[in-house]
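Taking it in order: structure first as structure tokens, then the write-up.
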Number of protein chains: 2
Amino acid sequence: MDDIGHKDRPEHEGIVVRAARIQDVAKLADVSTATVSRALATPERVSPEARARVLEAIAKTGYVPNPAARTLRSQKTYMVLVVLPDLANTFFSKILRGIEETLFEAGYGMIISDLDGSPEKEAHFAAFTAAGRVDGAILLNGHLFGQSREGEGNPARITIPLVALCEGIPGADIPQIEIDNRAAASRMTQHLASLGHRSIAYVSGPPGNILERERFQGFKDGLAASGLPFDPGLLIAGDYTIESGMRAGQDIVVRQDRPTAVFCTSDEMAIGLMRTLFSAGLSIPTDISVAGFDDIEFAAVAEPALTTIRQPRRELGQAAASALIDLLQGRSSPKRIRLETELVIRDSVAPL
Amino acid sequence: MDDIGHKDRPEHEGIVVRAARIQDVAKLADVSTATVSRALATPERVSPEARARVLEAIAKTGYVPNPAARTLRSQKTYMVLVVLPDLANTFFSKILRGIEETLFEAGYGMIISDLDGSPEKEAHFAAFTAAGRVDGAILLNGHLFGQSREGEGNPARITIPLVALCEGIPGADIPQIEIDNRAAASRMTQHLASLGHRSIAYVSGPPGNILERERFQGFKDGLAASGLPFDPGLLIAGDYTIESGMRAGQDIVVRQDRPTAVFCTSDEMAIGLMRTLFSAGLSIPTDISVAGFDDIEFAAVAEPALTTIRQPRRELGQAAASALIDLLQGRSSPKRIRLETELVIRDSVAPL
DNA sequence: GTGAAAGCGCTAACAC
DNA sequence: GTGTTAGCGCTTTCAC
């Protein structure tokens, strides 16, 4: 730093010059700074000659507008916050990519916050958002800021556009982008039943989770539609992780009266569960059928290949980003967007 | 917007008030704005009484400093850019989490850019970085901005602190955080050889990739150390993806003279390859041993469980973030940090 | 269509 | 230890 905090930029080898500002461009193009600004933001309001001179000057100086100054003045950051419960969960990566590419095309950047179950982090990002560092946010964590613990008093209120993705937020008046979890779970259950399975175990997601509630409803719907009774004894607690799937497998292995099929509400759990069943000497699907949910990359290459429900993850991300961009640019957005799922039949489920 | 672009904040039901600024706090605490600023940045330089009044006023007003104004003035963004080749690759998620948590603790936010093989995106983020939107960057993509296509002329030069993670950047004079790929690959090769395997196939990463170059060297080292000849016929081209692993499996299946072990340089490829071998009726490790690299989550639950090299992914992320923070705060950082890997022995490799 | 000038909210230099 | 003030770089009235 040679100067009061300016960014430096080597122009010629060894000679350090401060970065070009709008004034430099204006001077070079022989116009006012206002015209430079307009040439960039609203070219149609600038004469072609002036515009050409400005563009040339920009090219010559390598001018890039200072975003902090722009934000300070215009109150727009062109940044979107994406709130995740867990960045290390592979389920999110394709969704993130869908979000990122759509945001990118519209000129928005993406800031990721991994809540990691930490209320401090959540408070931090709530403040961050309230401070105007982002124009909008996409919430994948199933609740609004500050709603994790109810009735905790209100921190700085968030007034920017918000969109909920995957995990709907019941009370919130914001666009919700999701799949029909209930219908999908019902479909899988009916598929299992149609193959002759009458004793179908259900490995749940975390208690209270909205996806879990919907999928569980779907499971019961499917049972009912197939004329099967609901047996609470066939419910096994899980939390969508590989580890909980392995634990669920233990549970099943030790039962004297084993179910003939297991519906795991995530592929991770299904893969973990299959691991445990194998280790116990069972074979799939001969001894027991296993179904998953999500269709992550590894579902197709698992041994046996996993029968599951495909979620259009990339499209979900794209749809959420599009909805948010609509809001950001003053357009309206449908309150609920539901994308189609697909029953993917592979080898882990067989007729009884 | 009721006003010239100010952010609004509901204070009481229905009444909308603009967000508190430093002046509001100063007035309420009966000090100057400078004192408020100091009370936040350098509390030790403010009298305890003044500080207490300021803190109280901040609590009362719900004041959150405007980051754009702060950045404009101080030339610091407290943002770090993380450049990834592919966000959807599950290998990165745990690394990202390591980065994020370390950055977060130090008060930095993280902006993710998924290059996605697109030169336009790369140019965009180079400009983005040059424009001063971030204080530093962590590069996971194996090259500096603008170096993807050589001799393409120089866009705005990046002068902020940079750190390379996982994929080293040979010519660059920046801290490199990585594992010893060569030693790890050599170790796995020797492990295979020690079990009696003399015909070991090698499934490579993308050509030209630095990880691939190092691991390939390690493979040859390991062969040499075990007294085995190097046979180019046992090299199979891959690119670290599941799909390329499946293709490599096809290659192996059709050989009349099959290798007895396959060293895949990513777990994804190993899992894909096992899928193909299974489908062809081979059993692992009875007919053929398969080894991976990385120890992703699914390696332990694959069937059979995958013998592989564990990379400390979270720690890699943390180390890179720490190194960058050191640079950002004017401290120096070692030019090369190498974290330990571990040979994880599971069931996919057996003695000949 | 263009320019002058105000000012976004903050920090840092300087004076006391 | 504290206040005054300039000004970071831009956009946006307002006047012409």
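Keep in mind it's a predicted model, so treat the numbers as computed, not measured. No hydrogens, no waters, no symmetry mates; every other heavy atom, side chains included, goes into these values. Every chain is numbered from 1 and lettered A, B, ... according to where its sequence line falls, protein lines coming before strand lines.
- Residue B:Pro67 is classed as having no contact, given no heavy-atom separation below 4.0 Å to the nucleic acid.
- When the C1' atom of C:dC10 is taken as reference, atom CZ of B:Arg73 falls 8 Å away, rounded to whole Å.
- If A:Arg70 and B:Leu72 are placed on DNA chain D by their nearest nucleotide, the residue sitting closer to the 5' end is B:Leu72.
- Between B:Gln23 atom CD and C:dG9 atom P there is a gap of 9 Å when expressed in whole angstrom units.
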In residues 314-323 of chain B, what donor-acceptor pairs under 3.5 Å come from side-chain atoms, sequence neighbours left out?
unit_1, atom_1, unit_2, atom_2, d
B:Arg314, NE, B:Glu101, OE2, 2.9
B:Arg314, NH2, B:Glu101, OE1, 3.0
B:Arg314, NH2, B:Glu101, OE2, 3.4
B:Gln318, NE2, B:Glu101, OE2, 2.6
B:Ser322, OG, B:Gln318, O, 3.1

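- Partner of A:Ile160 under the side chain to side chain contact (heavy atoms under 4.5 Å, CB included) criterion, out of A:Leu324, A:Val80, A:Thr129, A:Leu81: A:Thr129 alone.
- Between the P atom of C:dT11 and the OH atom of B:Tyr78 lies a distance of 10 Å, rounded to the nearest Å.
- Between B:Gln75 atom CD and D:dC10 atom C1' there is a gap of 13 Å when expressed in whole angstrom units.
- Regarding A:Asp24, its CG atom lies at a distance of 14 Å from the C1' atom of D:dC8, rounded to whole Å.
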Are there any protein N/O atoms within less than 3.5 Å of an N/O atom in nucleotides 1-3 of chain D, and if so, which ones and at what distance?
unit_1, atom_1, unit_2, atom_2, d
D:dT2, OP1, B:Ser47, OG, 2.6
D:dT2, OP2, B:Ser47, N, 2.7
D:dT2, OP2, B:Ser47, OG, 3.2
D:dG3, OP2, B:Ser32, N, 2.9
D:dG3, OP2, B:Ser32, OG, 3.1
D:dG3, OP2, B:Thr35, OG1, 2.6
D:dG3, N7, B:Arg38, NH2, 2.9
D:dG3, O6, B:Arg38, NH1, 3.2

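- For the pair B:Thr61 (side chain) and B:Ala57 (backbone), a donor-acceptor distance under 3.5 Å is present.
- At a cut-off of 3.5 Å, with distance as the only test, a side-chain donor of B:Ser118 or B:Glu120 sits close to an acceptor on the other residue.
- Atom CG of B:Asn66 is separated from atom C1' of D:dC10 by 14 Å (rounded to the nearest Å).
- Distance, A:Leu40 CG to D:dG9 C1': 13 Å, rounded to whole Å.
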